[in-house]
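Here the structure is a predicted model, which means the values were calculated and not measured. Any value given below was found using the heavy atoms of this structure, including those in side chains, with hydrogens, waters and symmetry copies removed.
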Amino acid sequence: MGSKYHAQAAAVLLAGTMLAGVAEAQTAPAGNAPAIATQGARQATSPATPVVQPARTIRSLRVLGSQRIEPDTVLSYTKLRIGEPYTNETVDAAIKDLYASDLIAEAQIEGVESGDLIVRIRENPVINRVVLEGNRRLKNDKILPEIKLAPRQIFTRTAVRADVARIVELYRRQGRFAAVVEPKQVVLDQNRVDVVFEIAEGPKSKVRQINILGNEQFSDNALRKEMATKQSRFFRFFSSATSYDQDRMAYDQQKLRQYYLTEGYADFRVISAVAELTPDKEDFIITYVVEEGPRYKFGDVTVESGIRDFNGEQLANSLQIKKGEWFNAKMVEDSVTSLSEAAGLFGYAFADVRPEYQRDAETLTMGLAFNIAESQRTYVERIEITGNTQTQDEVIRREMRIAEGDAYNSFLRKRSQDRINSLGYFQDKFEIEEQPGSSPDRVVLTSNVEERSTGELTLSAGFSSLERFILQGSIRQRNFRGKGQDLRLQVNYSAFSKSVEAGFTEPYLFDKNIALGGTVFRRDFSNFNFIGDQRNTTFSQVSTGFNIVAGIPLTEYWSLSGRYNLQQDDVTLDEATFFSNGQCDPLRAGRFLCEQLGNRITSLVGASVVFDSLNSRLRPTAGQRLLIGADFAGLGGDVRYARARFDGIKYFNMGSGFILSGAAQGGYIKSLEDSPGVGIDPVRIIDRFYLGEPQFRGFDIRGVGPRVQRIPFTTDSDGNTVLVTDRDQIVDDAIGGKGYYLTKAEIEIPLGSGAQEMGLRPSVYVMAGALFNVTRPLPTVTFTQATDSSGNPVFNVDGSPSLLPVTTPVLTPGGAPLFVNTFTSNGAIGQRQTTCSTGYADTFGGTCVGTEQNSAQMNTTTPFLERFVGDSIKPRITVGIGVNWNSPFGPLRIDLAKDIISVDGDDPKLLTFNVGAGF
């Protein structure tokens, strides 16, 4: 683009129109754009002694050179008229007026001596197009809307100068104070021009150093931490806070004042703040000169109330401010808010609370008198809801805890706001605002909502450390028909689980505060273990059924829900892998798995009591939630048990964006059936609790709790038989437990606005929990321990018992033993399988012919050590850090967690992540 214009012979450089935008030393840098030089220079002489010219009369008046502008329009900008007298001063004034119109590039008046005036002009050209060159950091769509020049407008040098200044200012806002903008025009035919702005953006101006003078009580580093502006350092490579911004500099002065005021320095002030550009014009050095003043303590604190029934002494005692403590301006603000909210609780919506400071410079105390002005009790005149184009008014109003005509109550207004926020239908920071009503004792509550999309159509693929590759498709409308109804259909597919589920929930049945919902489902799940990096399926579970859930509120925060669930579970094993002779082989699958096979129906009824005071169900920052539930299986069906669970969490807003949460959950299940036998737990393996990833970070999936391990023997470098110590070579089967508990303390750490826009939410946490109590399963096989010549048991060099192999007969599917028959054919000796102990039969089970003795066919099982571990109520403890990210590929969570306390058999895992599935 640029070479094209430079190659044109008609290109005219607008001399002297270069603006560098560099400030030498200033608090708020600014510059003046120099004027654009004209091609036709105008000369004006001012005689030292004024000469009075005789007035002459204009005999005729013509305009030459006009193309687009009518001659009458040109003359209208002057005071020249036919028949009117004129002088040289009148002619000069007319020329100045023509230039001031911004329509004329050159103007001169001829025939001054004769009175036949000819106004000869050259019009300003029309802009053909505006071209930006060299702008890489600021694209055209950011610059062009900010400048005034545009195609088909009149070109003027004044407008060019103004646009140069605007472009420079745009770069300054980005911290590029070395930016240079050079305007050029390319002359075209028909009195048209192209305007070209050649931009040299220059480097981004950083803050090299922040100096603070006059601070004695706090170090420079302590004060710099309070500022939004940061010094440019290599470890802040990705930070935008290191660039110079004069608005941010003004904000930093306020931050300094706030910091000192919270520490008791009521007289603190910033004397000066100077930003100086370094000689290389690349960075800034900022210097603040401050005056700290003395430190004050709180004096007497009183409350004077003009509202009747408000006891000022009691209100003063309820404040956090206490006499003798260091003065803190933030506590004063909080006290004003607290008193305003207290007045709001009693219906005074517009209570005016003003603190009066009583400074005593001698004793260095700051007394406070809070004055609550007289006010009228207010009532809700009306509630206005605007902005809801899809959601019906009724859906919003039914969440309101205050109605039209009620006495105003700030607590109920806040509660209504939290409930509407929890719907998830509107913007994150929805607020119910208070407006004066038609009279002083009336208030109007306005709810201006911004609806967000509540329909979800998802087709996604992801990778999980649990499920490997995941394919998911779902369609959901959380605000179906604008009535708050939830309609959903979801299909999931992965290598180890498949499911399809459809559900519907009506939150207000028959316009009553009763929720009713139901779900039908089909879920295929494959349990697994790991041997090395190989993931092996153990048993498969197919569940088909439905559930119905209903809920009613008991109070504002307490609710009761009931549920019914009917499902059929079919537990199977791969016959090719785990069956022998048509039966489940305990040596291959484990006795505990063979005992769980079968098809059973579960008919379950349950109830839960919930306390919920969270300020948001999507991103809570305050409040708590507690659930206590109980289930009973046995209302028909094949399974009978009772199960109890609890789950609670509480959030604390610690300020400055830090959110602390504490959570605890647990449960226990008890069978209501007789024991099926020795070593067999009456609670099915699919009904037990499991603990591990993802709910217990720091452990692998099902990595905590009771398990059966098969440890093979190997030979060490000296040829000795020892147990395998590499966990990847151990067969590890988690069998679940009947009881568990899990606790967590977590702090969410705030990030900058850029990271928040990306959806990044890091946190640090500590977790403790355990899974326990299951019947110890019988050994799969009992190996005989070898003995020496004296009959004493033999042990290996690692202390493990020396075990002998176990041989078992091979059976037909019907249970008959198999034998090996040796025969001779054509001089060759062969062997064949038969059911005859002597002789041979042409078919299995046929008549045996012959007298030769056959040998029994045997299977030999290599010795291994089987042990039952992990069944302990002792807490396992992990600490870690994690990050939630709402990535373009779906929600992602990464956790780095380390186990601090574990028990024998637990399976720790340092790093876990999930993509493409909710967390």
For residues [X] and [Y], determine if any side-chain heavy atom of one lies less than 4.5 Å from a side-chain heavy atom of the other.
X      : Y      : result
Ile735 : Pro777 : yes
Val722 : Val797 : yes
Arg522 : Val542 : yes
Ile711 : Phe864 : no
Ile877 : Val766 : yes

Interatomic distance, [X] atom [atom1] to [Y] atom [atom2] [nearest 0.5 angstrom]:
X      : Y      : atom1 : atom2 : answer
Thr714 : Asp726 : OG1   : CG    : 10.5 Å
Arg523 : Thr544 : CZ    : OG1   : 9.5 Å
Phe783 : Thr861 : CZ    : OG1   : 6.0 Å
Phe713 : Asp716 : CZ    : CG    : 13.0 Å
Ile680 : Ser675 : CD1   : OG    : 7.0 Å
Ile601 : Leu566 : CD1   : CG    : 7.0 Å

(request) Could you please spell out the steps behind the side chain to side chain contact (heavy atoms under 4.5 Å, CB included) verdict for Tyr740 and Arg645? (result) CA-CA 10 Å; Tyr740 87 100; Arg645 298 188 66 174; 3.1 Å; yes

Closest approach of [X] to [Y] (non-hydrogen atoms, all atoms of both residues):
X      : Y      : answer
Arg488 : Gly518 : NH2-O, 3.9 Å
Val869 : Gly905 : CG2-CA, 3.7 Å
Leu723 : Leu865 : CD1-CD2, 3.5 Å
Ser543 : Gln541 : OG-NE2, 3.1 Å

Is the shortest distance from a Lys or Arg side-chain nitrogen in [X] or [Y] to a carboxylate oxygen in the other one below 4.0 Å?
X      : Y      : answer
Asp907 : Lys909 : no
Arg684 : Asp569 : yes
Asp899 : Arg876 : no
Arg710 : Asp732 : no

(request) For Leu691 and Phe689, run side chain to side chain contact (heavy atoms under 4.5 Å, CB included): C-alpha distance rounded to whole Å, both residues' side-chain angles, the deciding distance at 0.1 Å, then the answer. (result) CA-CA 7 Å; Leu691 199 58; Phe689 297 110; over 6 Å; no

Determine whether a donor-acceptor pair (N or O, by modelled atom type, separation under 3.5 Å) exists between the side chain of [X] and the backbone of [Y].
X      : Y      : result
Arg640 : Asp638 : no
Ser603 : Leu635 : yes
Asp788 : Ser790 : yes
Asp895 : Ala897 : no
Asp681 : Thr775 : yes

(request) Apply side chain to side chain contact (heavy atoms under 4.5 Å, CB included) to Met767 and Leu742, showing your working. (result) CA-CA 7 Å; Met767 305 187 73; Leu742 180 64; 4.1 Å; yes

(request) Report the residues that fulfil side chain to side chain contact (heavy atoms under 4.5 Å, CB included) with Pro779, sequence neighbours left out, ordered by chain and then residue number. (result) Glu866

(request) With sequence neighbours excluded, tell me which residues meet side chain to side chain contact (heavy atoms under 4.5 Å, CB included) with Asn565. (result) Phe521, Asn547, Gln567, Leu604

(request) Check whether more than 12 heavy atoms from other residues, nucleotides or ligands sit under 6.0 Å from atom CG of Asn792, and answer yes or no. (result) yes

(request) Evaluate whether atom CG of Asp842 has more than 12 neighbouring non-hydrogen atoms of other residues, nucleotides or ligands under 6.0 angstrom away. (result)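 Open: at most 12 neighbouring heavy atoms sit under 6.0 Å from CG of Asp842.
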
Judged by modelled atom types alone, do [X] and [Y] share a side-chain donor-acceptor pair under 3.5 Å?
X      : Y      : value
Ser671 : Arg643 : no
Asp486 : Thr505 : no
Thr912 : Glu693 : no
Tyr668 : Asn773 : yes
Thr787 : Gln785 : no
Asn821 : Gln831 : no

(message) Go through it in stages, so that I can follow the logic: the residues are Arg867 and Asp904, the test is salt bridge (Lys or Arg N to Asp or Glu O under 4.0 Å), and I'd like the CA-CA distance, side-chain angles, deciding distance and then a yes or no.
(response) CA-CA 11 Å; Arg867 62 175 191 160; Asp904 187 21; 2.8 Å; yes

Row check, [Y] ring normal vs [X] NZ/CZ: under 6.0 Å, within 45°:
X      : Y      : result
Arg697 : Tyr765 : yes
Arg832 : Phe823 : yes
Arg702 : Tyr690 : yes

(request) Could you list all the ring pair (Phe, Tyr, Trp, His ring centres under 6.0 Å) pairs where at least one residue sits in residues 791-818, not counting sequence neighbours? (result) none

(request) Give every residue pair that meets the disulfide bond (SG atoms under 2.5 Å apart) criterion with at least one member in residues 791-849, sequence neighbours excluded. (result) Cys836-Cys848

(request) Please list all pairs passing the disulfide bond (SG atoms under 2.5 Å apart) test where one or both residues lie in residues 670-721, with sequence neighbours left out. (result) none

(message) Determine whether the aromatic ring centres of residues Tyr641 and Phe632 are separated by less than 6.0 angstrom.
(response) no

(message) side chain to side chain contact (heavy atoms under 4.5 Å, CB included), that's the test. Do Glu501 and Asn492 meet it? Break it down for me.
(response) CA-CA 9 Å; Glu501 181 177 310; Asn492 293 298; over 6 Å; no

Validation: residues 799-809 side-chain donor-acceptor distances under 3.5 Å, sequence neighbours left out:
{"unit_1": "Ser800", "atom_1": "OG", "unit_2": "Asn796", "atom_2": "ND2", "d": "3.0"}
{"unit_1": "Ser800", "atom_1": "OG", "unit_2": "Asp798", "atom_2": "OD1", "d": "2.6"}

